[in-house]
Novice: 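Got a structure for you, questions after.
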Amino acid sequence: MSSSRRARHLAGAVPDSEHTVLHESAHFLQHRLFGGWFPRITHCSPHWGNKASSETCA
């Protein structure tokens, strides 16, 4: 994957992964809902798939 400004380009077999496409689409939706900025998040590492990593990172 490479990024340029506000575009995300999925390369190779990545677009075949429904998870990756939905994940990146959710980032786009979040960007639109928050008016072009993302809320402050803390303690996102590790980033779990089945539970929240912290109060600000799902």
Novice: What is the distance from atom CD1 of I41 to atom OG of S54, rounded to the nearest 0.5 Å?
Specialist: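 Here the interatomic distance stands at 7.5 Å.
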Novice: If you round to the nearest 0.5 Å, how far is CZ of R32 from CG of L29?
Specialist: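 It comes to 9.0 Å.
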Novice: Give the minimum heavy-atom separation between P46 and S53, together with the two atoms involved.
Specialist: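 So the minimum-distance heavy-atom pair works out to O-OG, 2.7 Å.
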Novice: Between H31 and H27, is the ring centre distance below 6.0 Å?
Specialist: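 No, they do not, as the ring centres are separated by 6.0 Å or more.
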Novice: For the NE2 atom of H23 and the CZ atom of F28, what is their distance to the nearest 0.5 Å?
Specialist: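 Rounded to the nearest 0.5 Å, the NE2-CZ separation comes out at 15.0 Å.
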Novice: Any heavy-atom pair between the side chains of R40 and T42 that's under 4.5 Å?
Specialist: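 T42 vs R40: side chains touch.
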Novice: In chain order, what residues pass the ring pair (Phe, Tyr, Trp, His ring centres under 6.0 Å) check against H43, with sequence neighbours excluded?
Specialist: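 In terms of ring pair (Phe, Tyr, Trp, His ring centres under 6.0 Å), with neighbours along the sequence ignored, H43 is linked to no residue.
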